Amino acid sequence: MDRAALTHPGRVLYPDPGIAKRELAGYYAAVADRLLPHLADRPLSLVRSRDGEAFYQKHHRGPAPPGLASIGIDVGTGRRDYLVCRDATGLASLAQLGVVELHTWGSRLPDPLRADRLTFDLDPDPTLDWRTVADAALTLRALLQALGYESWCKTTGGKGLHVVVPLTTRRPDWDTARTSARAVARYLCRTEPTRFAARPGDAHRRGRLYVDYLRNYGGATAVSAYSPRLRPGAPVSMPLAWRQLEGDEDLRGRRFELRAVPAWLRRRRDPWSGYADTRQAFDADAFARLEGPAPDPGVT
DNA sequence: GTCTGGC
DNA sequence: GCCAGACAACGCAAT
DNA sequence: ATTGCG
């Protein structure tokens with residue numbers, strides 16, 4: 001397979017700390033073995049950098065660059081082509097395109113209309129400390145375990161955390177996936193209203209975490225593990241071991257920056273090594289049993 | 001980064 | 001020939 | 001119906 005030439009290698013994509021295209025390509029190559037399994041067969045949503053400013057792209061006009069495939073998927077109204085990354089050559093093409101964030105669907109080809117995981121985005125009031133956010137993730141994990149599901153946690157590169165539930169069999173259509181994830185979010189808000197908020201926005205959320213279940217419908221995406229973010233320091237969405245959530249070290253945000261991650265990975269075991277081997281069947285009834293009255297919005 | 005469409 | 005514009009999109013809740 | 005948010 002051809003590999004596209006890396007043009008404009010000195011073009012700065014992350015103004016802070018001044019990471020150019022050449023360094024981004026080096027990062028993708030260095031973490032390819034870890035990153036590629038998270039991209040495999042998943043339609044992509046790309047964030048590209050124009051002078052450090054983000055612009056989004058879901059569709060590619062013309063033939064797909066080397067290592068990328070443009071795949072037609074029937075979405076609500078009509079059929080559109082979405083990019084999928086095939087291999088390390090595809091990562092090189094993404095670097096050539098100036099792609100600074102990789103977001104993926106929660107489903108995979110050849111069945112993109114059924115979820116193969118649920119993603120919960122814990123989005124805290126930015127003033128909340130690490131322990132409060134980590135404890136919220138542990139609470140969500142325990143709830144999911146009570147439902148019969150193991151889950152995995154990663155940083156987002158920002159103040160929050162993602163909790164991911166892989167689903168291998170009896171995978172739900174998007175409407176069922178969204179409804180089930182919503183039931184989990186509402187349950188947390190109903191049972192622990194002092195910790196969890198049902199809606200985004202500082203005024204409503206203050207002092208709490210917004211449980212964003214809205215990554216779980218057709219075409220919705222969440223940032224991929226090992227994707228950098230176009231933010232100061234170029235932080236990376238880093239998979240964590242649950243054990244790390246019990247410690248006092250704040251692992252969010254710039255704790256894992258693009259420049260430091262390859263060396264870090266070389267000396268640490270993959271905390272998500274069990275993810276790919278996990279077999280869990282989706283059971284809509286288990287989630288439906290969480291249903292109750294809508295959460296009290298509380299004081300505005 | 002690259003293509004398109006308007007001048 | 002050159003340059004500006006396009007390059008995503010949707011559920012949810014508030015106004 | 002339109003806007004703001006993620």
Side-chain angles (χ1 to χ4, degrees), chain A residues 3-13 20-22 24-25 42-66 68 70 73-83 90 92-106 113 115 118-126 156-162 173-183 185-186 189 196-206 208-223 229-231 237 294-300:
Chain A
R3 178 165 302 221
L6 193 77
T7 64
H8 311 292
R11 175 80 36 97
V12 172
L13 301 179
K21 212 166 132 177
R22 164 174 36 236
L24 176 64
R42 297 186 185 281
L44 291 167
S45 184
L46 308 176
V47 178
R48 302 174 62 185
S49 171
R50 184 226 293 118
D51 303 326
E53 205 170 313
F55 72 102
Y56 298 79
Q57 190 163 348
K58 303 175 80 158
H59 316 292
H60 187 84
R61 53 294 258 356
L68 302 178
S70 197
I73 298 174
D74 279 313
V75 291
T77 63
R79 189 176 185 80
R80 295 222 56 182
D81 289 330
Y82 293 83
L83 285 174
S93 291
L94 291 169
Q96 165 59 13
L97 288 168
V99 173
V100 290
E101 296 190 10
L102 301 162
H103 298 252
T104 62
W105 289 29
L113 302 184
L118 300 179
T119 297
F120 297 91
D121 175 11
L122 295 175
D123 186 18
D125 176 326
T156 64
K159 296 286 190 183
L161 295 170
H162 280 174
D173 60 38
W174 286 119
D175 190 56
T176 307
R178 181 183 28 74
T179 302
S180 299
R182 184 179 62 194
R186 285 182 175 170
C189 297
F196 296 103
R199 301 200 301 272
D202 293 338
H204 173 76
R205 177 183 60 180
R206 69 192 145 115
R208 305 186 288 180
L209 297 96
Y210 166 56
V211 186
D212 183 0
Y213 63 88
L214 224 53
R215 319 295 64 178
N216 303 290
Y217 62 82
T221 59
V223 70
R229 307 304 300 272
L230 183 58
R231 297 180 184 183
S237 175
D296 182 345
V299 191
T300 60

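These numbers come from a predicted model, not from an experiment. Lettering follows sequence order; numbering is per chain, from 1.
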List, with names and distances, any nitrogen or oxygen atoms from the protein found under 3.5 Å away from nitrogen or oxygen atoms belonging to nucleotides 5-7 of chain C.
residue, atom, partner, partner atom, Å
dC7(C), O4', R61(A), NH2, 3.3

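- A salt bridge links R79(A) to D74(A): at least one charged side-chain nitrogen sits closer than 4.0 Å to a carboxylate oxygen.
- Nucleotides dG1(B) and dG11(C), compared at atom C1', are 32 Å apart to the nearest Å.
- For the pair L97(A) CG and dC3(B) P, the computed distance is 11 Å after rounding to whole Å.
- A 6.0 Å sphere centred on OH of Y56(A) holds no more than 12 heavy atoms belonging to other residues, nucleotides or ligands.
- Side-chain contact between D173(A) and L113(A) is absent, with no heavy atoms from C-beta onward closer than 4.5 Å.
- Between Y213(A) and dC12(C) there is a side-chain N or O to OP1 or OP2 distance below 4.0 Å.
- Remark: aromatic rings of Y82(A) and H59(A) are close, center separation under 6.0 Å.
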Name the pairs: protein N/O against N/O of nucleotides 2-6 of chain D, kept only if under 3.5 Å.
residue, atom, partner, partner atom, Å
dG6(D), O3', D212(A), OD2, 3.1

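- The gap from the P atom of dA6(C) to that of dG6(D) amounts to 25 Å, rounded to the nearest Å.
- Nucleotide dG1(B) holds its P atom 15 Å from the CD atom of E53(A), rounded to whole Å.
- For dG11(C), neither phosphate oxygen OP1 nor OP2 lies less than 4.0 angstrom from any side-chain nitrogen or oxygen of R178(A).
- Side-chain contact between P43(A) and I73(A) is present, with at least one heavy-atom pair separated by less than 4.5 Å.
- Within the 4.5 Å cutoff, the side chain of R48(A) has heavy atoms near those of the L97(A) side chain.
- Surrounding NZ of K21(A) are more than 12 heavy atoms belonging to other residues, nucleotides or ligands, all under 6.0 Å away.
- Residues that satisfy the side chain to side chain donor-acceptor pair (under 3.5 Å) test with H60(A), not counting sequence neighbours, are absent from this structure.
- Between dA8(C) and dG4(D), the two P atoms lie 23 Å apart (nearest whole Å).
- One interatomic measurement links the two molecules: CG of L24(A) to P of dG1(B), which rounds to 11 Å at whole-angstrom precision.
- In this structure, R205(A) pairs ionically with D123(A), as a charged nitrogen and a carboxylate oxygen lie closer than 4.0 Å.
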